[in-house]
Amino acid sequence: MLTTQMTMAEALQQVAEARPDQEALVCGDVRLTYRRLAAAAQALAFGLWQHGIRKGDRVAALLPPGPEFACLFFALAQLGGVMVPLNPQLRRQTLSAILKDAEPIMLVSAIPLNDEIVAETPGLRHLVQVPPAHGFGIAWQSLFAAPAEDRPSLPEVLPTDLLALLYTSGTTGTPKGSMHTHRSLIAPVMASIKLRELWLGRPNLEKLGRMFKALVRYRERLLRAAGQPQTMLSTTGWQNTTGLEVMLQALLMGDRLVVMPRFHPREALRLVQEERVTILIAVPTAYQVMLALPDFDRYDLSSLLICGTGAAPCPPQLAREMQRRFGCAVHIGFGATETGGGIAATSLDDSDRVQAETVGRPMPGMEIKIVDDQRREVPRGQVGELACRSDSLMLGYYRAPEATAQVLDDEGWYYTGDLAWQDEEGYLHIVGRKRDIIIRGGQNIYPAEIEAFLMAHPKIQEAAVVGVPLGFGGESAWAFVIAAPGAELTPQEVLDYCRSHLEPYKIPAVVRIVPDFPRAEGGKPQKFVLRAMALRETEGGGPP
C-alpha cells in the first residue's frame, strides 16, 4: 500500500512489519532480513543524531552499493536529513567541486581521503570511515551504539521534505545537484509497481490478453515468478538515479535485493545462477561484457525473467542479443536524474521488436509531450524535445535558480533536452540530445541514428558521433568508434560502410578508432570531451 503521502522511513517500516523475516538485502556474506535492516537504520539514525545531524542537514556518502549505503539512506530519512550520494571513483577535482557545492556536515567514506579535500569542504564537521581508519575520523560501528536511554524523539518528517541531492553524471560538463523529496523518490517506485501488476496482480478482463501474450513467450519463467517476491541483482552504483531506484524498488516492493559492490561479469552470472535471480539490472556495456565471455553458456540463467537496462542508450542489436542469449524479456528504461527515475520503459508483454527498438511507453503517472523550439506541442510522429511532468520531478537544481528556470516551467513541465518522437501506439523513440544535433548543409543530422547504424556493423562495439564547427559556418560530423573485441578495423572500412548505406549528408567527415571513450557515470560517452579532442586535432592541422 505504498503512497506518495508516506515518508521513505514509513515506507520501509511498512514492509518490515509485513515481511520481518524475509531476506531484504544480500551482499557478500551479509544477509539482512527486513526486520534487521529497519532496526539497523533506526539505530544509525539515533547515532547520527548524537553527532549533531538534524533535519535538513546534508550528509555526503562515498560508498559502494551495500548494507552501509542502505542503512545510511533510511537513517537520514528518519531524521529528515539529506543524503548526497557520490561515486567513490570520482576524480579529485570533481569530488572537491561537488562537496563545495553541497556543503555536507558529515562525510561517510569507504575510500581514503586526503586532508586537502576535507579542509576544502566548507562546514564539514565529521568524517566517518567505512571500515574505520586508524585514528582517523569516526568509526562506522560506533554510530550504532547509542544507549537506549539516550535516544531522543526524532523530528516530524513530511513527504515533501528534501531527502536527496542527486548530482547529474556530467555528460555535458559540471554536475548539478537535483533536489529530490521523499515523494519524488517514492513516485517512481509506485509507477513500477503498476507496471508489475500485469504479471503479479490478480488478472482481470483488461489484463488477460496482455498476460496471455507474456505467458506464451516466457512460459515457466513467468509462472515461477508470478505472485512472488522477486530477487533483483543490482550491478550498478547507487549514487545515480538508476542505481538508487533499483535499491528503492526492491526494498519498498518487499523483494530480495542481491548487491554487487563492484561489477564483475563472471560474478554477476554466478550470482544469477546461485541466488536464482529473476530481475537483472545492468548498464548496456555490462551486458556487452557478459555476453562476450567465452564460457557464458555454462551458467544456468533460467531463473531470469527480465534483463533491465538504462543509464545509457542500448543499441537494438545488443537488446536482441540479450533476448536470445539470456532467454528473457528486455526492459529498457529511459529517465533522468531530474525525474528521479524512469520516464518510459518497455514492458513484459511488448514484442521483441518494441523491446529492442523503443524505450517503451510513458511510466504510469508520467505525462509527456513532444515540443518544438518554442515549446509548442508537435504532431505525433514528429521529432521534437521531450518534456514530462509527474510527482517524481525534482524541486530544482541546488543553488542554481537560473539553471532550474531553463528546464522547469511554471506549469511543472521538465524539458529534458532529449529529442524524441512518439509512434501511433504510444511508444517513445529517442533520437538524441537537442544540443547534439549536427547541422550540415542545412540538413539536421541526429547522432543517435548514425550511432545505431554504425553499431549494427559486426566489427563495431560502440560509436559516438559529435558535431565539430567548421571555419565557414556549419558543422562536420566526427565518428569515434570502438572496435569489437578481436576485430581489426580501419577508418576507411567504416567510411566505406557508411557510403554504401547512408545518405551523403549523414556520412561522417572523420572517423577515429579509439580504445574507449571518456565516460560519465552509467557509461555514457562524454561527448563534450570528444568534441574538444576533435577541435584540438582540427586546430592542430589534422583532418577537417
Side-chain angles (χ1 to χ4, degrees), residues 8-9 11-13 15-48 59 61-78 83 85-89 108-112 128-133 137-146 229-240 242-282 286 303:
M8 194 64 71
L12 178 66
Q13 187 59 36
V15 181
E17 291 174 359
R19 302 181 177 183
D21 299 317
Q22 181 190 305
E23 272 190 345
L25 191 148
V26 177
C27 183
D29 295 331
V30 176
R31 291 179 179 266
L32 291 179
T33 63
Y34 275 99
R35 187 201 311 270
R36 288 183 59 200
L37 175 61
Q42 185 176 62
L44 180 56
F46 290 123
L48 294 171
V59 175
L62 284 161
L63 295 173
E68 294 85 2
F69 188 109
C71 285
L72 180 61
F73 181 86
F74 287 106
L76 288 170
Q78 289 191 43
M83 178 91 153
L86 302 173
N87 189 343
Q89 298 180 348
V108 182
S109 178
I111 60 172
V128 181
Q129 291 283 164
V130 184
I138 302 168
W140 171 253
Q141 289 301 327
S142 71
L143 294 175
F144 294 83
Q230 302 304 295
T231 295
M232 299 177 69
L233 174 56
S234 169
T235 67
T236 65
W238 290 354
Q239 71 280 350
N240 56 42
T242 302
L244 184 61
E245 274 302 308
V246 170
M247 180 193 82
L248 294 179
Q249 283 185 28
L251 297 180
L252 300 189
M253 289 186 189
D255 288 336
R256 180 169 171 264
L257 180 60
V258 182
V259 183
M260 294 186 71
R262 293 193 63 155
F263 172 73
H264 187 281
R266 284 194 172 85
E267 178 65 5
L269 295 175
R270 183 191 69 80
L271 286 169
V272 171
Q273 176 177 285
E274 295 190 3
E275 299 291 343
R276 305 307 293 162
V277 171
T278 55
I279 302 174
L280 169 61
I281 309 293
S303 62

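We're numbering straight along the sequence, starting at 1.
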Taking the side chain as everything from C-beta on, heavy atoms only, tell me whether [X] gets closer than 4.5 Å to [Y].
X    : Y    : value
I281 : T235 : no
V26  : R256 : yes
V128 : S109 : no
M8   : F73  : yes
L72  : L63  : yes
M247 : Q249 : no
L25  : Y34  : no
P64  : R262 : no

For the atom pair [atom1] ([X]) and [atom2] ([Y]), what is the distance rounded to the nearest 0.5 Å?
X    : Y    : atom1 : atom2 : value
M232 : T278 : CE    : OG1   : 8.0 Å
L12  : Q42  : CG    : CD    : 10.5 Å
N87  : Q239 : CG    : CD    : 4.0 Å
N240 : L86  : CG    : CG    : 11.5 Å
L233 : E267 : CG    : CD    : 9.0 Å
C71  : R36  : SG    : CZ    : 9.5 Å

How close do [X] and [Y] get, counting heavy atoms only, and between which atoms?
X    : Y    : result
A9   : A77  : N-CB, 4.0 Å
L252 : A11  : CD2-CB, 3.9 Å
Q13  : A38  : OE1-CB, 4.0 Å
T236 : P65  : O-CG, 3.4 Å
Q273 : R276 : O-CD, 3.3 Å
L37  : A24  : CD2-CB, 4.3 Å

**Asked** Could you go step by step and tell me if F69 and V259 meet the side-chain contact (heavy atoms from CB on, under 4.5 Å) rule?
**Response** CA-CA 11 Å; F69 188 109; V259 183; over 6 Å; no
**Message:** Salt bridge check, R31 against E275: does any charged N sit closer than 4.0 Å to a carboxylate O?
**Reply:** yes
**Worked check of side chain to side chain donor-acceptor pair (under 3.5 Å) between S234 and W238** = CA-CA 9 Å; S234 169; W238 290 354; 2.9 Å; yes
**Request:** Please assess L62 against V108 for the test side-chain contact (heavy atoms from CB on, under 4.5 Å), listing each intermediate value before the final yes or no.
**Result:** CA-CA 6 Å; L62 284 161; V108 182; over 6 Å; no
**Asked** Stepwise, does the side-chain contact (heavy atoms from CB on, under 4.5 Å) test hold for R35 with D21?
**Response** CA-CA 6 Å; R35 187 201 311 270; D21 299 317; 2.7 Å; yes
**Request:** Kindly indicate, with the supporting measurements, whether the criterion side-chain contact (heavy atoms from CB on, under 4.5 Å) is fulfilled by V258 and T231.
**Result:** CA-CA 7 Å; V258 182; T231 295; 3.7 Å; yes
**Asked** Judged by atom type as modelled, is there a donor-acceptor pair below 3.5 Å linking the side chain of Q22 to the main-chain atoms of T33?
**Response** no
**Request:** Look at the rings of F144 and W140 and say which category their plane angle falls in: under 30° parallel, 30 to 60° tilted, over 60° perpendicular.
**Result:** perpendicular
